[in-house]
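Values below: all heavy atoms of this structure, side chains included; hydrogens, waters and symmetry mates excluded.
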Amino acid sequence: MRSDMRQSPASKESLDPATSLARRARPRQNEPPEQVIDVPRRYRRRRGRRGRWPALWHGGGLILGLAIPIGLFAAPATLAALVIGGAIPAGGIPVEVILAAALVTAWPGGLALHMAAAALSALLLLTALDAATQAVLGRSFLLAFDLPLAASAAEFVDETYGIAAAIFAAGAALGALLAYGLIAFGLGRIRGAAQRGGWTVRAPVLLACGAILAMQLGHRIALDRVEPVRFVSDRSAQTLVSQARAIAVRLADHSFYRAPAEVPARLPVGLGGADVLLFFLESYGRSSIEDPRYGPAIVPSLRGVEDVLHAQGFSAVSGWLESPTLGGQSWLAHASLLSGLRVDSEFRYRLLLSGERRTLVGDFAAAGYRAVLLAPAIDRPWPEVAFYGFDRTYFSWDMGYAGPRYGWVTMPDQYTLAFLDRAERRRRTGGPPLFAVTILISGHAPWTPVAEVVEDWSDIGDGRIFAAWVNRGEPPQTVWRDPEKVRRQYVRATDYVIDVLGSYFRQFGDDRRTLVLLLGDHQPGPIVSGTGAGLDVPIHAVSNDPDLLRPFREWGFVDGMVPAPDGGARPMEAFRDRFLTSFASEGEKKMASEARDAAVQGD
């Protein structure tokens, strides 16, 4: 019995794995020996897991491959919304990612993968620039026209965050390379799943991608008949479409903006030789007065200016204008008001400067005025200013300022006003009336540091007195890490500008008939004004001659320094024609009225 329980040599040998493997490796008669490959245990285990759960393995690769580019495309708009305090936009799978997934699934070669990754990376960069422009300027980025602003953007980043332009550019390039690498990695996961799964994976993926793309395209072609795919977003694709439309619109503007304007028959002779001082206030918009975060601080300051004006024998009326820009590019607002054309892009601005259109500056010059410009923010040659035809220009190097810079702000507004009086207003004992355009810049971002008002204007001198406040408060690099701090600094800077104007009128001391126009150039950026704040800016007309304010009341302006909350806003470009019509001679007014009536009858 014991012998029966013994294993035979053959059966014992069959139970030994090593012996069994050797027997299988022995060559049979007339057959070449098979080559035995010793596969590492680690590789056998990994393949075993894939073989055990193929659907889970391939599905995980597809999900990871889609999640990476989806997250990258959602990041710019989400970050911009968090910075400005707006609503985070609804997400969805970018239609471009679906198209790229279909491409690497159908042609899983290396060339297709890198082409798709490069295309998605370029579109992601455009999406990021668009989100940044929306956060700063409240509008879309225009690739063909906004690239010249790159130098200004780098300069602002340097002043605000202390990041040199070279470092900023290097960081942007590194970020672009990192984005390309992540997108290529994600698409590689999709391609790998397609290669391993074969057509059992490729066919469903391609059918799903094709169905989604067809439905989305059908929705765009026939909006009222095909429902959109709810979980798909074509926001990035629409960015490309908007770029093409912008180019077409700007090309259509070419002849209009370069054509010489018809010389108007109306000149501001109705002013009777009164001086006209036009002040642009940086980042002074409707939100400054009506936003509950800023109005409780700004409105009392405006009421204080009213009291000063009444004590000095001045009156004020206020209304609204619609600026062509928001958050920056102040020169577009300046050009729109002076030219009477809506200049809402860098392209239109360049076209205007290359033409021969006469502006409000030329209108005043033709009426016998001395036209001057004070632009303290200009700290480098600006040959384009010749277009306007000023008799005299004062830039930062012309104004004798010996005090410190206040970050981006070359000099506080109080010094600019003191220089205006010293160089032009008080210096003249006779001669032609004055038309002065002055750009006040203390309200420009980053709104720190902020100076204090020097009560005795005779102490201002060459501006060294302003060194006392240049190091007060937190630096821009600290302030701009917290949006709430940015908003508090905006209130401080705007309040300073208004207090300076009140102090200026308190010591105005001039019996000459004068009309002062104070207006904002644009709303502050969305980080301050929020989303959907509009383009309206306040305009105040101040004069020591009530007759000079009568035309503004006819426009709908209200008494005081606070515009009516329900008051409508006229386009800024409409100001020139309306101003010239209101202050033309009686004969010119009659001719203009008859021409307007004839135009209405012709329509």
Side-chain angles (χ1 to χ4, degrees), residues 76-77 80-81 83-87 89 129-143 145-146 148-150 152-153 156-157 160 239 242 246 249-250 280-291 293-295 298 319-339 341-349 352 377 408 439-447 480 483 486-487 489-491 493-494 497 518-539 563 567-575:
V83 168
I84 66 177
L129 290 172
D130 188 72
T133 307
Q134 289 282 2
V136 175
L137 300 178
R139 62 169 178 81
S140 297
F141 174 77
L142 300 177
L143 180 63
F145 311 115
D146 286 341
L149 302 178
S152 298
F156 178 77
V157 169
T160 305
T239 301
S242 66
V249 170
R250 298 305 184 266
F280 285 98
L281 279 59
E282 176 66 43
S283 299
Y284 178 49
R286 192 163 197 148
S287 297
S288 310
I289 297 174
E290 297 189 346
D291 193 307
R293 296 172 294 182
Y294 317 124
I298 302 302
W320 303 103
L321 293 178
E322 183 189 69
S323 175
T325 184
L326 183 150
Q329 295 183 278
S330 306
W331 56 91
L332 303 183
H334 307 160
S336 295
L337 185 130
L338 294 175
S339 70
L341 293 175
R342 187 167 186 83
V343 185
D344 56 3
S345 69
E346 189 69 13
F347 181 74
R348 287 183 171 179
Y349 179 69
L352 176 67
W408 186 92
I439 315 299
L440 299 180
I441 59 174
S442 289
H444 195 288
W447 303 302
W480 279 70
V486 173
R487 296 173 188 126
Q489 284 301 125
Y490 169 76
V491 173
T494 305
V497 175
L518 308 166
L519 69 148
D521 54 4
H522 54 70
Q523 283 261 59
I527 191 173
V528 172
S529 60
T531 57
L535 300 172
D536 295 352
V537 297
I539 175 172
R570 297 181 181 275
M572 191 173 285
E573 62 271 18
F575 177 85

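Looking at every heavy atom in both residues, Arg286 comes nearest to Pro538 through N-CD, 4.0 Å. Val497 and Ser442 make their closest contact through CG2-CB, 3.9 Å (heavy atoms, listed as atom of the first residue, atom of the second, distance). Of all heavy-atom pairs between Asp291 and Ser529, the closest is OD2-O, 4.2 Å. The two residues Asp536 and Ala569 have their closest heavy-atom pair at OD1-CB, 3.4 Å. Residue Gly567 comes nearest to Trp320 through the heavy atom pair O-CD1, 3.3 Å, listed as atom of the first residue, atom of the second, then distance. Between Pro524 and Leu326, the closest heavy-atom pair is O-CD2, 3.9 Å.
Of the N and O atoms on the side chains of Gln523 and Ser323, not one donor lies less than 3.5 Å from an acceptor on the other residue. No hydrogens or angles considered: nothing links the side chains of Trp447 and Glu282 as a donor-acceptor pair under 3.5 Å.
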Begin from the C-alpha positions of Trp331 and Gln329 and carry the test side chain to side chain contact (heavy atoms under 4.5 Å, CB included) through to its verdict.
CA-CA 5 Å; Trp331 56 91; Gln329 295 183 278; 3.7 Å; yes
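At a threshold of 4.5 Å between non-hydrogen side-chain atoms, the residues Leu341 and Arg348 do not count as touching.
Between the Tyr294 side chain and the Val528 main chain, a donor and an acceptor come within less than 3.5 Å of each other. In this structure, Trp480 contributes its side chain and Pro446 its backbone to a donor-acceptor pair below 3.5 Å.
Here Ser283 contributes atom OG and His444 contributes atom NE2; the two are 6.0 Å apart, rounded to the nearest 0.5 Å. Between atom CE of residue Met572 and atom CG of residue Asp344 there is a gap of 12.5 Å, rounded to the nearest 0.5 Å. Atoms CD1 and CG, on Ile439 and Asp521 in that order, are 8.0 Å from each other to the nearest 0.5 Å. Taken to the nearest 0.5 Å, the OG atom of Ser287 stands 11.5 Å off from the CD1 atom of Ile298. Taking CG of Leu519 as the reference point, atom OH of Tyr284 lies at 10.0 Å (rounded to 0.5 Å). To the nearest 0.5 Å, atom CD1 of residue Ile539 and atom CZ of residue Phe280 are 9.0 Å apart.
Within the structure, the salt bridge (charged side-chain N to carboxylate O under 4.0 Å, His left out) test picks out the following pairs touching residues 320-339 (sequence neighbours left out): Glu322-Arg342.
The side-chain hydrogen bond (donor to acceptor under 3.5 Å, both in side chains) test applied to Ser288 returns Tyr490, not counting sequence neighbours.
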